[in-house]
> 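Before I ask anything, here is the structure I am working with.
No experiment lies behind these values; they were computed from the predicted model shown.
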Amino acid sequence: MMTFTVWDILRNLLLAARWTVLLSLVSFLGGGLLGLALLFLRIGKRRAGRLFVQGYVELFQGTPLLMQLFLAFFGLGLFGIDVPAWLAAGLALILWTAAFLVEIWRGCVESVTRGQWEASASLGMGYVQQMRYVILPQAVRVAIPPTVGFSVQVVKGTALTSIIGFVELSKAGTVVTNATFQPFTVYGLVALIYFALCWPLSKSSQILERKFNVAHRHH
Amino acid sequence: KAPEARADALQDVTARGTIRIAVPQDFPPFGSVGTDMTPMGYDIDVAKLIASKMGVKVELVPVTSANRIPYLQTNKVDLVISSLGKNAEREKVIDFSDAYAPFFNGVFAPSGVAVAKPEDLVGKTVGVTRGAIEDLELTKIAPTDAVIKRYEDNNGTISAFLSGQVQVVATGNVVAAAILERNPPKRPELKFLIKNSPCFIGLNKEQPALLAKVNAIIAAAKADGSLNAIAQKWLSADLPKDL
Amino acid sequence: MSLIAITEVKKRFGDVEVLKGINLDVERGEVIAIIGKSGSGKSTLLRCVNGLEMIDDGSIMVAGAQLIPDELHLKALRLKVGMIFQQFNLFPHLSAGRNVMLSQMVVKKTPAAEAEAMARRMLDRVGLSHKFDAFPDQLSGGQQQRVAIARALAMQPMALLCDEITSALDPELVNEVLAVVKELAADGMTLMMVTHEMRFAREVCDRVVFMHQGRVHEIGPPEEVFGSPRTPELQQFLGAQLVA
Amino acid sequence: MSLIAITEVKKRFGDVEVLKGINLDVERGEVIAIIGKSGSGKSTLLRCVNGLEMIDDGSIMVAGAQLIPDELHLKALRLKVGMIFQQFNLFPHLSAGRNVMLSQMVVKKTPAAEAEAMARRMLDRVGLSHKFDAFPDQLSGGQQQRVAIARALAMQPMALLCDEITSALDPELVNEVLAVVKELAADGMTLMMVTHEMRFAREVCDRVVFMHQGRVHEIGPPEEVFGSPRTPELQQFLGAQLVA
Amino acid sequence: MTYRFDFSWLPLYWPVILKGLLTTVELILVGALCGVALGVACAGVRALGPRWLRPVVAAYVELIRNTPFLIQLFFIFFGLPSLGLQMSELQAANLAMVVNLGAYSSEIIRAGIEATPRGQFEAGASLAMTRFETFRHVVLIPALQRIWPALSSQIVIVMLGSAVVSQIAAEDVTFAANFIQSRTFRAFETYFLSTALYLLLALALRQALRGVGSLLFPRRAAR
Ligand SMILES: Nc1ncnc2c1ncn2[C@@H]1O[C@H](COP(=O)(O)OP(=O)(O)OP(=O)(O)O)[C@@H](O)[C@H]1O
Ligand SMILES: Nc1ncnc2c1ncn2[C@@H]1O[C@H](COP(=O)(O)OP(=O)(O)OP(=O)(O)O)[C@@H](O)[C@H]1O
Ligand SMILES: [Mg+2]
Ligand SMILES: [Mg+2]
């Protein structure tokens, strides 16, 4: 009978944490791109686009990520679309991430005052030029802290992919618990690894926030 | 890929050169992980045996009791070798091969707990893995005021038993034995049997070629003693004659 | 032909009619002051002339071209008519110089070097050539407003609309901005400005427009409007101004 | 014995000594105006007397009791000395009446009915009995400041400290607040007030304190201080006041 | 075979779904009430509690905010018993919800408190109120009002996160879906149904929170 040393436990958890990191990166990058596309629809002039994004956000923010994972994994499979676990996990996480990012970013774009739109319009700029040269550069600065802050939610969200069989950090935790019968140690270690991944992100988001707020006070 | 096209899944498998098999990783001795997190156990060895006899590579897909049938239904795997028991409900949705492993469902509890028959479960909390045969059977025979806690996977059931969240578990005898072997704080001992429900390989309906092939391999393995060797290795016992 | 011809312009917000038929012709080189109580529609009028609000009725012609509300025509209009706001609205992420360069480069596709030369000239004209690299939040309110003027001038508009451009400034800083505007007027720029600086209006403007409840209530040269107001509304307005 | 005795009080913020040894005795019923340039330490002095800032040296006695910085003693002090701020600081979630009732009920455990009766009396005294149920954001600045006065009075303090209580008000509203203060003074309330209203100080106050650079630079009856300022600093300060 | 929807199992399993709904509602009620109360307490401690307690609260908040709910749940349910702390899955789920929401809401509420103008504290002090009395009567309600929308969103997020309590056999909506799925093998329909239920719950919860808001803060005072 093989026995797990604490080092075995930690090593296996760390190996599994690679998946957590990879999934987080995929969902954040994919969700970021999708979120950006949706953002343009959301603040664009076309009503249909705005309504579509509103509905999208309502749906994906209004249902548990867990259910989205289930549906992406088994739901699509029933229609004969073969979705491997990594794809379902990636897909659900990307859609979910995008739904939150688009709302965060919309708030940032709207925080740019109306005067900036009007001033740039009265200088003869068109919509795209206003966005490109005046609005987005300002919105991006405001957007960085909450975006970094949200990345913590994404890292934690990847834990749910364990439910569709993805052996990332959480799943590795349960599997190892079962091979070792040391739940306290294993879940303690799992929590610590998550903390080590997330805390720097939260902290830097706080620091950025403070920095930008100070910068704002100069106005 | 239209589902009709898989009228002959065997062809697909041969063409692909890989067979995808759902196996447990939370259900010793049928499936668990080693210190390097690779799956190992009775089911895994059977899966490898079948793949080698078919002359294809094997792709092991770790599943839980709750999701192994959806995996099959959504064509994410070709076979389920995951200590799957047969019952009428399941036979409506999937097909079964011949039996490949013995399995006795029982109710287990530490020696201090007085349970000898289903009626004694009154007021007791019983842990079981949702969707497993013992879940379905226990639901039928347990008295109404026995509390059944259904966990997502065997990890949950076993953890719940070991952490004392449930006093009693319903599971396979070999599972209980495997738990015992690791010298846990709570030692499960057999209180009564629920059902003799040997394990079958699950596959999608209307796959006669694949079914025939799998059955042929099982029969050959029984005859040449290779299946018995697996039983010796993981269950420390010979295969029963009537399997 | 007048440079800006406003004819029977009406504008409503929801149920409220804010402009009730405005008629006003501004000649080339003329300096017009618009005065009136809060809510009388002064800002709305300027915003309509700049195409920031769509008019519901009537017409606005600038240099002979009709104001038509699509992006192409609006752009053409805004190249002719610049606007300066009470809140400066400088782009906070760009230095003063870049603020002045941006629209030239983006809208007119002026090459960077040329745009920079123009920006330096315009900043010099408002007395801020040494602040080319300063960011808006490093400038006083008066300096920011002067950068805004330079930014509008860099587009070489035929006319400038100014909406209470000194109201957000501390009293000491008002004069430096008014001095710049005075010079513009002397140089022959066409100006339409909403202002509460009566003394300034009296000194610098060719005509004064008194707006009341969405109408041009009185109009005339400053000595007439201030010296012998004809309507009781204007008398009352001027009286209140003196007391405050 | 004086009601408030301030002896050699010193206060520093970090490296900066803001109060450099203040001596001032205020008699019961006396009305003191504190004037001086921005940054001279006027607010800091009042805040020290109310225990909002801890002093670094010297002593403050109120009605014979030493100011000691722990919650119990501070509470006792503040029951004797009320304070009113430039920014009113009404509680936005409570109606005017409730604003006046709250501290009586919380601090003195006055029963609700009694507190309400007191609140109505005090609001009446400041001429706002009809605004009992209005919320702060429904009141003008002047009305808000009068509610703040009523709120302080309801605690029946021996003295009131007022820190530029009219500075945040529009000019028209200043008088209604000053009228209330004048009445309080006539009724014999002890008052220490920082103010920029020189005419008011001259009319109402018993003594005027001119602070300069953290010190009491001149002190005396108003006719003396305003009529024949002795130091060049006060002369300059009063001169600047006249021009503004 | 294209997939055919089959909801014929619905009448048979209706009680399971109802029970799941009730459990989820209980979780969110207990979580929201106790969680927000805990959040207020923690925010209060960080604003004016004893100095030694502040880092303790900060550590709790950071730990919870930076680890997944699922792991917290496993830790409480499977881990704590080895320290002799045993509780039922519902208690464990409720505790995890409270602990989780407590940490998040304390950060949100703290922001509301920090946005309180200094003058409010000083006005309270100069009216002879103690720091605690000022916090309780003057600061708290406007602070809550300021952050109520953010707090409401967080409560909805935590409610949706509660879906994972089925992992420890707490019989919530997700458990019901999984249970039915394991009996009927109608995976798609059951997940579809529970997703719809969560969506409805989220909408209803948001509405309810708006109602609570207008009860707690009857006036929309300026700022
Ligand atoms: N976007 C808008 N939507 C609705 N009403 C508006 C809008 N803009 C202005 N109004 C209303 O139109 C009226 C005229 O506003 P306008 O800003 O033109 O007045 P004004 O003369 O510039 O006043 P002020 O001196 O205060 O700037 C006001 O009653 C105002 O409330
Ligand atoms: N909390 C503080 N921390 C640091 N410095 C302070 C603080 N409060 C006041 N000061 C400084 O103390 C000095 C005196 O401030 P104080 O507010 O008492 O002046 P004042 O006479 O009331 O001026 P004003 O007329 O502008 O209100 C100023 O230089 C001010 O910057
Ligand atoms: Mg205006
Ligand atoms: Mg002061």
> Within a 6.0 Å radius of atom CZ on F192(E), are there more than 12 heavy atoms belonging to other residues, nucleotides or ligands?
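Check fails, neighbour count at 12 or below.
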> Does NZ belonging to K182(D) count more than 12 external heavy atoms closer than 6.0 Å?
no
> M129(E) and S103(D): which non-hydrogen atoms are nearest, and at how many Å?
CE-CB, 3.9 Å
> Side chain, backbone, both or neither: which part of M155(D) has a non-hydrogen atom closer than 4.5 Å to chain E?
side chain
> So with a 6.0 Å cut-off around CG of L83(E), is the heavy-atom count from everything else above 12?
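Atom CG in L83(E) is packed in, count exceeds 12.
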> Does any heavy atom of chain E fall under 4.5 Å from the side chain of E71(D), the backbone, both, or neither of them?
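Contact with chain E: side chain only.
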> Given heavy-atom pairs under 4.5 angstrom as the criterion, report whether the side chain, backbone, both or neither of F91(D) touches chain E.
both
> Rounded to the nearest 0.5 Å, what separates atom CZ in R151(D) from atom OG in S126(E)?
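Atom-to-atom, R151(D):CZ and S126(E):OG are 7.0 Å apart.
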> Just wondering, are more than 12 heavy atoms of other shown residues or ligands nearer than 6.0 Å to CZ in F132(E)?
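Atom CZ in F132(E) is not crowded, with 12 or fewer foreign heavy atoms closer than 6.0 Å.
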> Report yes or no: does E133(E) contribute a side-chain atom to a donor-acceptor pair with the main-chain N or O of V107(D) at less than 3.5 Å?
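Between the backbone of V107(D) and the side chain of E133(E) there is no qualifying donor-acceptor contact (under 3.5 Å).
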> Taking the side chain as C-beta and beyond, is there a heavy-atom pair between V138(E) and L102(D) under 4.5 Å?
yes
> Does NZ in K108(D) sit with more than 12 non-hydrogen atoms of other residues, nucleotides or ligands closer than 6.0 Å?
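Yes - once you tally the heavy atoms of other residues, nucleotides and ligands closer than 6.0 Å, there are more than 12.
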> Has the side chain of H93(D) got a donor or acceptor atom that lies under 3.5 Å from a matching backbone atom of H137(E)?
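Looks like yes, one N/O pair under 3.5 Å.
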> Nearest 0.5 Å, what's the CD-CG distance between Q120(E) and L90(D)?
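Separation between the atoms: 8.0 Å.
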> Could you tell me the separation between the CG atom of L52(D) and the CZ atom of R118(E), rounded to the nearest 0.5 Å?
8.5 Å
> What part of R136(E) lies closer than 4.5 angstrom to a heavy atom of chain D: side chain, backbone, both or neither?
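Interface part for R136(E): neither.
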